[in-house]
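Each chain gets a letter, A, B and so on, in the order its sequence line appears, and its residues count up from 1.
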Amino acid sequence: MKYNHRQIEPKWQKIWEEKGCFHAEDNSDKEKFYALIEFPYPSGQGLHVGHPRPYTALDTVSRKRRLQGYNVLYPIGWDAFGLPTENYAIKNHIHPEIVTKNNVERFKKQIRSLGISFDWSREINTTDPDYYKWTQWIFLQLFQHGLAYKKEMAVNWCTSCKCVLANEEVVNGVCERCGSEVVHKTKSQWMLKITAYADRLIDDLDLVDYPERVKLQQKNWIGRSYGAEVEFDTTAGDKLKIYTTRADTLFGATYMVMSPEHPFIEKWADKLSNLDEVRAYQAESAKKSDFERTEMNKDKTGVKLEGVSAINPVNDTEIPIFISDYVLISYGTGAIMAVPGHDTRDWEFAKKFDLPIIEVVKGGDVEKEAFTDCATGIMVNSGFLDGLSVEDAKEKIIAFLTEKGIGEKKTNFKLRDWVFSRQRYWGEPIPIVHCDCCGYVPVPEEELPLRLPMVESYEPTDTGESPLANMTKWVETTCPKCGKKAYRETDTMPQWAGSSWYYLRYMDPHNDKAIASDEAFKYWESVDWYNGGMEHTTLHLLYSRFWHKFLYDIGVVPTKEPYKKRTSHGMILGENGEKMSKSRGNVVNPDDIVNEYGADTLRLYEMFIGDFEKAAPWSPSSIRGCRKFIERFYNMQEMLCDGDFIRKEVEKDFHKTIKKVGFDIENIKFNTAIAAMMALINVIYSTGKVTKKELSIFAILLNPFAPHVTEEVWEACALGDGILAEAKWPEYDEAKCVDDTIEIVAQINGRIKAKLVISKDASQDEVLSLAKSEQKVMEAIRGMNVIKEIYVKGKLVNIVVKP
RNA sequence: GCCGGUGUGGUGGAAUAGGCAGACACAAGGGACUUAAAAUCCCUCGGACUAAACAUCCGUACCGGUUCAAGUCCGGUCACCGGCACCA
């Protein structure tokens, strides 16, 4: 029989589907295992070969866990709200709901052809009202706990698309899609107070098993810094509050800088003799895009405030105040004390404006550059701080400022609150009513889901209003509180909303009373293993940790963290080593591979392609090697014979391979697990025969990677009722993983002179004397003094000699 | 600029915990089978020296160090990739 994947693969997929093989049980005595992949956005392009990489990886883990007796939950769904669908819908005059439905159909068919063991009975879709009912419910809880608020905000507005863009959609200051200018528009926006969780989002990373680089990226993004707030007296009478992490350098503060947006400028307007100049600078800064203000121009600019100055509280010196756009209104207090001797930016500014530079930490040359090293410096020119280390000086000065009532310890974060509104149609309606009397009133829970109305035109408007704003019938409503005429919120939620809690819904996807039942939460608890892309580290991964912690605080979920373990896959690149994209013309469609080589070959190749965590280029010729391996496995049917193991050495090879494959799967080293099986099949072929026992073990080991062909061979060779039905993941015997005789390398001065075959239990003396009996070793030692003899058990001997 | 990662044959990549560099594949070359091709099977496959083999030497981006022993550890340099980007 020739291997025919086109016949085998649909056959087994049908059997699995009919028997419901992958349905997770809700109440099982078995230990649970919850594996999760990032649910896909069903785009119009369909799947490309990058999608199956993470799916196959966790499918391999899930299938292995089932063979080990776990009750496995491995679900999938659709993250289907979002701009590409909406834009496609506008362009082609098809309602986004229809577009979504078609795209999901296509994705589903493609994914099913891969034989991934998803529990399709738990499929979810973020655009389903029964689903977004709970997205809205969570928003209302956030609102009621003061964590959702509305605020005037500058938004990105594309002048050509006439629509609002998310920050991610603005690339180098222009619209990602059309390349047109992006300007700022001020709009009232819904915000989520993620900053309230900043500390816990950092500290609780200690509770989870994430790759270090993920933890680090989140920590850097949240950007916690410990410092102090200090109040400076000014000649205007007001106290100017600044934030600093280097309170120790206070004696070196020779001027102050405020952000051009600082409210004191307005307050001091009548005291400023150069108000025109100040105003001109303010206007110039306001005109600059974010891009110009940060990336383009790091040359320091600024204007000195004539008429108001500040007093350095430690030496009563009067120092000038500047405004400059290198100080941001959004961080700290919007004002700083400038210490040019020990801060690079202040140093540049001081040089440009010819301001005095005082050295207060010894160790560098402050005339040449700012000395910023905190670890080695000693305080100088700093009165009562002189002679202290930077760390000690910080503590002493903060204690001093606290006692005088002009300063205190303060922690700051780079993390900003989450802009949560979008002026687009294809998203969850924000369930809030605006009432002139009562303000923002939540839609009553029993009215959820607040459905997205069917509109004729969902094109974005010129005014920056959501397309929903034109739906007067839907917008005009009555206030749930006072019953008077009121208006619905017309902004929708961002794409990140539905994905911030979807893993919870899989636990109990059809529940209409709650996100999931308490029993479901208790049993499934949290995700055991979550695999996803690095690009979501500071977006989805952070957002969902925030929502989860909130749900924990209000008693909905029982765990502090949503995901116990996180791994990350590398991208699959095009043949040319570039990122796969339609415009580069290097996209590979998995359908073609499944059709030509089969799903088992595709799966195996995607796992064999290289280090799972690193990017790897697609190679059409390498796929053939995987196909060949599968055919070699399939053809073992014809080598079948009775017995346990052909030879004792082969038995040992099996034990070693069982150990390696199991270990490698758990450590996401799929490529070497497959290499080990390839090596084992080479051994089997060299014997020319395979026993039933050998073949069945091989089939189970390979099953998580290539589930169809392994079941087929199992059935064809009458090995039993089926791998899924009855097989257990094989155990290995540690004793049988060790060879009786081993090869030991004999070195002289680190150079290999001989290879010794000797019993694994041989003593050092035995190995050494055997080594010394080797011709070449004898020659090398002759006439030399032996300085040292090193023996590494089971590996090598090294004899160090000198003339 | 700051933070993180990577650098190994013609290619993708292996190499617990400092202990035989190049597993497993791909590509290439040669051979067997075949009328022929495909498929399959077998052999060779980092470099220098060699007709070939043996032997020897060199070789994990570059320079230096620690060690009996370095792809692996330490210091420095370069290149590429990712994240952040005036966060005081």
Item checked: Strand contacts (RNA chain B) in residues 787-795 of chain A, 4.0 angstrom heavy-atom criterion -> Lys788(A), Ile790(A), Val792(A), Lys795(A)
Next item on the list: Report the nucleotide, chosen from C86(B), G4(B), C57(B), that has the shortest atom-to-atom distance to any side-chain atom of Arg213(A).
Entry: G4(B)
Checklist line | Ser225(A) side-chain N/O to A88(B) phosphate OP1/OP2 under 4.0 Å | finding: yes
Checklist line | Ring centroid separation Phe349(A) to Phe353(A) under 6.0 Å | finding: yes
Notebook entry, point to check: C57(B) and C73(B): how far apart are their P atoms, nearest whole angstrom?
Noted result: 27 Å
Checklist line | Rounded P spacing from A23(B) to G9(B) in Å | finding: 13 Å
Check: Touch check for Ala615(A), heavy atoms < 4.0 angstrom, all strands: base, sugar-phosphate only, or nothing?
Finding: sugar-phosphate
Next item on the list: Ignoring hydrogens and angles, answer whether the base of C20(B) and the side-chain atoms of Glu743(A) contain a donor-acceptor pair closer than 3.5 Å.
Entry: yes
Margin query: If you go through the side-chain atoms of Lys300(A), does one of them form a donor-acceptor pair with the base of C86(B) closer than 3.5 Å?
Written below: yes
Notebook entry, point to check: On a whole-Å scale, what distance lies between the C1' atoms belonging to U35(B) and U50(B)?
Noted result: 41 Å
Margin query: For a quick check of understanding: with a heavy-atom distance under 4.0 Å over all strands, which category does Arg224(A) fall into, base, sugar-phosphate or nothing?
Written below: nothing
Margin query: I'd like to know whether the aromatic ring centres of Phe413(A) and Trp221(A) sit less than 6.0 Å apart in this structure.
Written below: no
